[in-house]
Amino acid sequence: MTDQTATPRSFSASVALKGKIAIPGDKSISHRALMLSALAVGTSRVTGLLEGHDVLATAAAMRAMGATIERRDSGEWVIDGVGVGGLLQPREALDMGNSGTSTRLLMGVVASHPITATFVGDASLSGRPMGRVIDPLSQMGADISASPGGRLPLMVRGLAPAVPLSYRLPMASAQVKSAVLLAGLNTPGITEVIEPVPTRDHSERMLRGFGAELSVDTDADGTRHIRITGEAELKPQTIAVPGDPSSAAFFIVAALIVPGSDVTIANVGLNPTRAGLVDVLRAMGGDIEELDRREVGGEPVADLRVRHSALKGIEVDPAVAPSMIDEFPVLFVAAALAEGRTTTTGLDELRVKESDRLAVMAAGLEAIGVRVTENEDGLVIEGSGGDPLPGDATIAGHLDHRICMSFAVAGLASKAPVTVDDIAPVATSFPNFEALLAGLQA
């Protein structure tokens, strides 16, 4: 699953981007659609599934634990589930590749089943700490042996019946929340997650859609109490996965910063727990119009028309961080082309993503001529006022797909080319990124 040969690629000043594109399916929803379909009793059908390496790792893992998962020539995925409690012992280690989402959510799934699974991944994933998930799952009775620092490879010995718990998230994390809720599916009684800061709610929406008994109550201070009743019986579903807002982000920013651009991105998921970037870019002066707003499978969706805009630097409210945590790298690129200063804070979580995204983005932006200050929990960026960036640098992408694509976008608004040292990691989330870009430039 992991390709060891680096594929460098240079990106240079672009002609105006014009046209309409359809982006790959939402990665978060694709993972959950496969997992819950595999835990339902009967046949589910999924269209629009993101077919990047990360999601294929989830499919392979669910197959290894007994589900039948097939891709039809039409692009539809057909999943015959084993039922909650029905997972089989995998014969060999589950290779998660580069996918932190697959790892953390599947640890939750395994934790309350009477099976043992070993999780392995590539060099980047093996450097990411899993302690935030290990802690609550251990409290539910799972026996988890991890490598030093709570890292992969690690082994989860599930416990059935597991012990229900009420768990207050120490920091905002949709993955930790989802891992506990998925463990709660096969745990007798009620498992509760207390979420002081709301995070993406795809798990709650989809669990309900599959028939789980799940309630969400919100306190006066905004704290959410999410309760799931265990020993659930999930019913098979037909799911159309909306386009991934995190993938759309790169083309939204590209259209805003490349003069003369006018791009429409079809079928973008605009779940309010994910759409923070659109609001922030609009606050900076971005011309982003929603066309044909509608609902698909319980998720709000629209086509986005984006036109080149003169952006202004702002102070980004840290409260929006959970709704756009994956989009900050490309927001930093937009800030580099804005007029004035953009300040971001409250982004500690970016230090434990596929790379330390604060440090890596600061170093890369500096290398292409941007004035940037790296603080403990954010960056301060002095924008160029719309003038092209100097560019003329090779950027270390650190095997991080979002870093690679962010600097590809920066190259489109630079005087001299920006080279990404290895574009291969982009396949984990956005296999046709370069092809779509070339189409808009044509």
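Both backbone and side-chain heavy atoms feed into the values below; hydrogens, waters and symmetry mates do not.
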Asker: Is the backbone N or O of Thr223 less than 3.5 Å from a side-chain atom of Asp221, with the two atoms forming a donor-acceptor pair by type?
Answerer: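 Yes, because the side chain of Asp221 sits within donor-acceptor range (under 3.5 Å) of the backbone of Thr223.
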Asker: We want to know whether Ser102 and Thr58 form a side-chain donor-acceptor pair, criterion being a heavy-atom distance below 3.5 angstrom.
Answerer: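 On atom types as modelled, these side chains qualify, holding a pair under 3.5 Å.
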Asker: Taking atom types as modelled, find out whether Arg274 and His202 have a side-chain donor-acceptor pair closer than 3.5 angstrom.
Answerer: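 Yes - a donor-acceptor pair under 3.5 Å links their side chains.
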Asker: Please check if the side chain of Asn186 supplies one atom and the backbone of Ser112 the other of a donor-acceptor pair under 3.5 Å.
Answerer: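 Side chain of Asn186 to backbone of Ser112: a pair is present.
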Asker: Assess the residue pair Leu152 and Val120 against the criterion (side-chain contact (heavy atoms from CB on, under 4.5 Å)); give the C-alpha distance rounded to whole Å, side-chain angles, the decisive distance to 0.1 Å, and a yes or no.
Answerer: CA-CA 6 Å; Leu152 270 55; Val120 298; 5.5 Å; no
Asker: Within the 3.5 Å criterion, strictly below it, is a donor on Ser261 or His308 matched to an acceptor on the partner's side chain?
Answerer: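 Side chains of Ser261 and His308: no pair found under 3.5 Å.
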Asker: Taking Arg224's backbone N and O only, do any of them form a donor-acceptor pair with Thr218's side chain (distance below 3.5 Å, no angle check)?
Answerer: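 No; judged by distance alone, with no hydrogens or angles, the pair does not exist.
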Asker: Testing the 3.5 Å rule here: is there a donor-acceptor pair between the side chains of Asn98 and Ser124?
Answerer: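 Yes, a side-chain donor-acceptor pair sits under 3.5 Å.
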Asker: Can you tell me if CZ on Arg351 sees more than 12 non-hydrogen neighbours from other groups inside 6.0 Å?
Answerer: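 More than 12 within 6.0 Å, yes.
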Asker: Might you point out which heavy atoms bring Pro24 and Ser247 nearest each other, and give the distance in Å?
Answerer: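 For Pro24 and Ser247, the tightest heavy-atom pair comes out as CD-CB, 4.5 Å.
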Asker: Does Glu382 CD have over 12 foreign heavy atoms under 6.0 Å away?
Answerer: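 Check passes, neighbour count above 12.
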Asker: Does atom CD of Glu315 have more than 12 heavy-atom neighbours from other groups under 6.0 Å away?
Answerer: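 For Glu315, atom CD is not crowded (no more than 12 foreign heavy atoms under 6.0 Å).
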Asker: Check the pair Asp122, Met96 against side-chain contact (heavy atoms from CB on, under 4.5 Å), reporting the backbone distance first and the verdict last.
Answerer: CA-CA 8 Å; Asp122 68 7; Met96 299 289 98; over 6 Å; no
Asker: For Asp422, does its backbone N or O pair with a side-chain atom of Arg9 as donor and acceptor, under 3.5 Å?
Answerer: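 Not a single qualifying donor-acceptor pair exists.
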Asker: Hydrogens and angles aside, do His225 and Glu195 bring a side-chain donor and acceptor to less than 3.5 Å of each other?
Answerer: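 No, no side-chain donor-acceptor contact under 3.5 Å.
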Asker: For a quick test of reading the model, state the closest non-hydrogen atom pair linking Val46 to Ser37 and the distance between them.
Answerer: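 Val46 and Ser37 have their closest heavy atoms at CG2-OG, 4.2 Å.
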Asker: Tell me if a side-chain donor or acceptor on Ser173 pairs with a main-chain N or O of Val176 at a distance below 3.5 Å.
Answerer: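 A pair under 3.5 Å: yes.
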Asker: Do you see a donor-acceptor pair shorter than 3.5 Å between the side chains of Arg63 and Thr68?
Answerer: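 No, no side-chain donor-acceptor pair sits under 3.5 Å.
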Asker: So do Leu17 and Leu437 actually touch side chain to side chain, heavy atoms under 4.5 Å?
Answerer: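 The answer is yes, as the side chains (C-beta and beyond) meet within the 4.5 Å cut-off.
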Asker: Report yes if the side chains of Val258 and Val409 come closer than 4.5 Å at any heavy-atom pair, otherwise no.
Answerer: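 They are not in contact (no side-chain heavy atoms under 4.5 Å apart), so the answer is no.
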Asker: For the pair Asp326 and Arg357, evaluate side-chain contact (heavy atoms from CB on, under 4.5 Å) and give the outcome as yes or no after the intermediate values.
Answerer: CA-CA 10 Å; Asp326 287 331; Arg357 287 180 174 163; 3.3 Å; yes
Asker: Can a donor-acceptor pair be found between the side chains of Glu327 and Ser246 at a distance below 3.5 Å?
Answerer: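 Indeed, the side chains of Glu327 and Ser246 share at least one donor-acceptor pair under 3.5 Å.
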Asker: Could you tell me if Asp400 and Ser355 have a donor-acceptor pair between their side chains, going purely by distance under 3.5 Å?
Answerer: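 Yes, a side-chain donor-acceptor pair sits under 3.5 Å.
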Asker: Any sub-3.5 Å donor-acceptor pair from Asp26's side-chain atoms to Asp244's backbone N or O?
Answerer: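 Between the backbone of Asp244 and the side chain of Asp26 there is no qualifying donor-acceptor contact (under 3.5 Å).
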Asker: Work out which heavy atom in Ala33 is nearest to a heavy atom in Phe210; give both atom names and the distance.
Answerer: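 It is O-CZ, 4.3 Å.
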Asker: Hey, does the side chain of Ser309 reach the backbone of Leu256 with a donor-acceptor pair shorter than 3.5 angstrom?
Answerer: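 A pair under 3.5 Å: no.
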Asker: What's the shortest heavy-atom distance between Ala338 and Met284, and which atoms?
Answerer: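 In terms of heavy atoms, the two residues are closest at CB-CE, 4.0 Å.
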Asker: Between the side chains of Arg32 and Ser203, does any donor sit under 3.5 Å from an acceptor?
Answerer: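 A donor-acceptor contact under 3.5 Å links the two side chains.
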Asker: For the residue pair Arg200 and Ser28, what are the closest heavy atoms and their distance?
Answerer: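 Looking at all heavy atoms of both residues, the shortest contact is NH1-OG, 2.7 Å.
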Asker: Does a donor on one side chain and an acceptor on the other come within less than 3.5 Å for Arg104 and Ser178?
Answerer: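 There is no such pair between these side chains.
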Asker: With distance as the sole criterion, is a donor-acceptor pair present between the side chains of Asp303 and Asn267 under 3.5 Å?
Answerer: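 Short answer, no.
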Asker: Checking Thr101 against Lys27: is there a side-chain donor and acceptor pair closer than 3.5 Å?
Answerer: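 There is no such pair between these side chains.
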Asker: Evaluate side-chain contact (heavy atoms from CB on, under 4.5 Å) for Thr191 paired with Val180, printing each intermediate quantity in order.
Answerer: CA-CA 8 Å; Thr191 298; Val180 175; 3.7 Å; yes
Asker: Could you tell me whether Glu366 atom CD has more than 12 heavy atoms of other residues or ligands within 6.0 Å of it?
Answerer: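 Counting other residues, nucleotides and ligands, CD of Glu366 exceeds 12 neighbours.
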Asker: Parallel, tilted or perpendicular: which one describes the rings of Phe433 and Phe251, with boundaries at 30° and 60°?
Answerer: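 Tilted, since the angle between the ring planes falls between 30° and 60°.
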Asker: Without hydrogens or angle criteria, can the side chains of Asp80 and Thr43 be said to hold a donor-acceptor pair below 3.5 Å?
Answerer: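 Side-chain D/A pair, Asp80 to Thr43: present.
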